Amino acid sequence: MISRKLVQHPLLPSKIRHSLPYSKLKSPTLFNTPFLPKSPSILATNLIKSYFEMGLFKDARTLFDEMPQRDVVAWSAMISGYTSCNLHARAWIMFREMLRDATDVQPNEFTFSSVLKACKGMNTVSCGALVHSLVVKYGVLGSIYVGNALMEMYATCSDGIENACSVFEEIVVKNAVSWTTLIAGYTHLGDGKGALRVFRQMLLEEVELNPFTVSIAIRASASIGSHIYGKQIHAAVFKRGYESSIPVMNSILDMYCKCIGLSEAYRCFQGMVERDIITWNTLIAGYEKSDPYEALNLYSNLESEDLTPNRFTFTSVIASVANMAVLRLGEQVHGSTIKRGLVDELGVANSLIDMYAKCGNITNSCKIFNEMESKNVVSWTSMMIGYGSHGHGDEAVDLFNKMVTSGVKPDRIVFVAVLNACSHTGLVDEGLKYFESMTSVYKIKPDQEIYGCVVDLLGRAGRVKEAYELIEAMPFMADESVWGAFLGACKAHKVSEFVKLAASRVLELKPSVSGTYLALSSIYAADGKWGDFARIRKLLRGMGSKKEAGRSWIEVRDRIYSFVAGDKLGSHIESVYEVVDIFGLHMKEVGYSSDLESLIHNLDDGT
DNA sequence: GTAGGGTTAG
């Protein structure tokens, strides 16, 4: 948008022409009214800002270059303009140019807070630290804007939260932005507890809250799954009248989706007086995994409120389709993203890779992946998971190496992907090498999920004893997922000496997992220990739980048919059995004999 | 005339 001040100016046409030369920016003589800008320099700066607002950074630069005198305001406007267009490196170059060429101009607090934003955007803490030293040199550390920008830079750049904390401590008079920035820093780092610790301190110091602080605090409590804390904050929001703030309510909606439940979330959604596209996106994302049909239903209703789906909407919608694994629907949604010009958005392309892989079309995943102009760690991970699930573990591992070569820094989740790929391809030693490099090269601390992957990697290959030793050597207590992976390995390789131990650990840690009882009982049965078998089965019945049925589905022409093992319902079931029989014959032909031993013992609960 | 924090992706 063109600022009103400019449009009102008599020298400018109602629509700004591009590349308006500096020489045209003369002080107005015809309409010498008091509200008009006074000097060409001020006018030029105004125009520079407008150019950036319209994304015309080249025109901004041309005008800037034509200025005979550039003061600190013009320089700062350029630096901040570039960052506002996400051109952080250009902003940084501008700052360097300013220090080098404009010896008569001194950077001020505006310059520093803008260039710090550029450092944050480049994720380059070394530049940020350099600016930090200049901030001290120029004596502007006392500016609350500079202090907050420094904190934000450190909090966002890798491993900088401690530096952010020490800057925070040094700010004598902190304001709500300082607190919010620190809370956001912890939250984005995934340290919800750290964030809530700061939030609590803020409450103790009786700092006035505002919607910004409240929404990030809600996100922090959602990230640790604390519905108690989340509900407390919801009550506080209600008390302070923040429910009129859409971002605050969106955070609450997200918290309900993640920690409380979808039906409650839906009630929250219906209770909202005002909703925006993020509101809808949040709910669609909430439904995406557990009820993708409802997610699609919401998507089709969204335009009734005159809202336009954006890249986030499509990311969740595509993920929903991926979870439904209905290729034709996926192709339709893919078409919509093309029509709306969103197909090249990073997040959208990433979810398309995942969707095509989950719908069985790995070729399309590849095509999208290869045609992407820029890829991030999510793109690589999605492609690797796709390859892995299609049995191309070698390609997935290969991709990991290519990713590292291309300069993308691996994160924790990409290690989950590469370890899984190694595990399913039998690349055990290769996988162990990656696991080792995770800490030694990339300084990422392995968590329960990673240990689970490595236990699975060793266990699948029959190296059960090593898997057990790894669990023993873990720096923290293994949770039920790690023991679950171990149990799976013991079961697969019939290492009964460890089964009891593994199963009892899983049961201790998560008694609600009925699958564990089943696994344990199967092993007892296979060992002929019928007394133990009966005892476990009795426990299982006492729980009133059933093994969760794995649902399968198939798309034939325009219909989706779904079924579970042992299904006797539905008119299509007979055809399913026919197909299963054909599969059985094919498998026999290639010499596969099924492992009936453990199957038999599972038959009695109908799954 | 130049600067700030919040909600939705593997």
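Chain identifiers are assigned alphabetically (A, B, ...) following the order of the sequence lines, protein sequences preceding nucleic acid strands; residue numbering begins at 1 within each chain. Because only heavy atoms are used, hydrogens play no part in the values below, and waters and symmetry mates are left out as well, while side chains stay in. All values reported here derive from a predicted model rather than from experimental measurement.
Residue A/V177 has its side chain nearest to B/dG4 when only B/dG4, B/dA3, B/dT8 are considered. Taking the side chain of A/I144 as heavy atoms from C-beta on, and the options B/dG4, B/dG6, B/dT2, the nearest nucleotide is B/dG4. The side chain of A/S251 has B/dT7 as its nearest neighbour among B/dT2, B/dT7, B/dG5. Among the nucleotides B/dA3, B/dG10, B/dT8, the one closest to any side-chain atom of A/T381 is B/dG10. The side chain of A/T282 has B/dT8 as its nearest neighbour among B/dA3, B/dT8, B/dG5. Side-chain proximity of A/N108 to the nucleotides B/dA3, B/dT2, B/dG5 is greatest for B/dT2. If you check B/dG5, B/dG1, B/dT7 against the side chain of A/R219, the one that comes closest is B/dT7. Set against B/dG10, B/dG5, B/dG4, the side chain of A/Y145 has B/dG4 as its closest nucleotide. Candidate nucleotides B/dG1, B/dG10, B/dT8 were compared by shortest atom distance to the side chain of A/S41, and B/dG1 ranks first. Checking B/dT7, B/dG6, B/dA3 against every side-chain atom of A/I278, the shortest atom distance belongs to B/dT7.
Phosphate proximity of B/dG5 to A/H188: absent, as no side-chain N or O sits under 4.0 Å from OP1 or OP2. Note on A/K117: every side-chain N or O is 4.0 Å or more away from OP1 and OP2 of B/dA3. Within the structure, every side-chain polar atom (N or O) of A/S114 is placed at least 4.0 Å from both OP1 and OP2 of B/dT2. Listed pair A/K49 / B/dT2 meets the phosphate criterion, a side-chain N or O lying under 4.0 Å from OP1 or OP2.
Donor-acceptor pairing under 3.5 Å, judged by distance alone, is absent between the side chain of A/N175 and the base of B/dG5. Between the side chain of A/N376 and the base of B/dG10, no donor-acceptor pair under 3.5 Å is found. Evaluation of atom-type donor-acceptor distances gives a pair under 3.5 Å for the side chain of A/T180 against the base of B/dG5. Put simply, the side chain of A/S382 and the base of B/dG10 share no donor and acceptor less than 3.5 Å apart.
Contacts of A/S178 with the nucleic acid, taken as non-hydrogen atoms under 4.0 Å apart, are absent. At the heavy-atom level, A/N350 lies nowhere under 4.0 Å from the strands shown. Using a 4.0 Å heavy-atom distance criterion, A/N210 is classed as a base contact. At the heavy-atom level, A/A176 lies under 4.0 Å from base atoms of the strands shown.
One finds a salt bridge joining A/R61 and A/E97 here, because a Lys/Arg side-chain nitrogen approaches an Asp/Glu carboxylate oxygen to under 4.0 Å. Taking the charged nitrogens against the carboxylate oxygens, A/K258 and A/E264 have no contact shorter than 4.0 Å, which rules out a salt bridge.
Cation-pi geometry between A/K409 and A/Y442 is not met at under 6.0 angstrom from the ring centre and within 45 degrees of the axis.
Applying the ring-ring contact (aromatic ring centres under 6.0 Å, His included) test to residues at least two apart or on different chains, the pairs with a partner in residues 236-262 of chain A are A/H234-A/Y256.
Listed by chain and number, the residues in a side chain to side chain contact (heavy atoms under 4.5 Å, CB included) with A/S336 are A/Y299, A/F314 (sequence neighbours excluded). By the salt bridge (Lys or Arg N to Asp or Glu O under 4.0 Å) test, A/E288 is found to be paired with no residue, residues two or more places apart in sequence or in another chain being considered. Partners of A/E449 under the side chain to side chain donor-acceptor pair (under 3.5 Å) rule, at least two apart in sequence or in another chain, are A/R412.
B/dA3 has no stacking from A/F110 on its base ring, since the centres under 5.5 angstrom apart and planes within 30 degrees of parallel are not both found.
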Donor-acceptor contacts under 3.5 Å from residues 106-115 of chain A side chains, at least two apart:
unit_1	atom_1	unit_2	atom_2	d
A/N108	OD1	A/F110	N	3.0
A/N108	OD1	A/T111	N	3.0
A/N108	OD1	A/T111	OG1	2.8
A/T111	OG1	A/S76	OG	3.0
A/T111	OG1	A/N108	N	2.9
A/T111	OG1	A/N108	O	3.3
A/S113	OG	A/E109	O	3.1
A/S113	OG	A/F110	O	3.2
A/S114	OG	A/F110	O	2.9

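Between A/F64 and the options A/F57, A/W75, A/F52, a ring pair (Phe, Tyr, Trp, His ring centres under 6.0 Å) holds for only A/W75.
Of the residues in residues 239-250 of chain A, those with a non-hydrogen atom less than 4.0 angstrom from any atom of DNA chain B are A/S245, A/P247, A/V248, A/N250.
Here the C1' atom of nucleotide B/dT2 and the CG atom of A/L63 are 15 Å apart, to the nearest Å. To the nearest angstrom, P of B/dA3 lies 20 Å from CG of A/L134. Look at CD1 on A/I233: it is 14 Å from P on B/dT7, rounded to the nearest Å.
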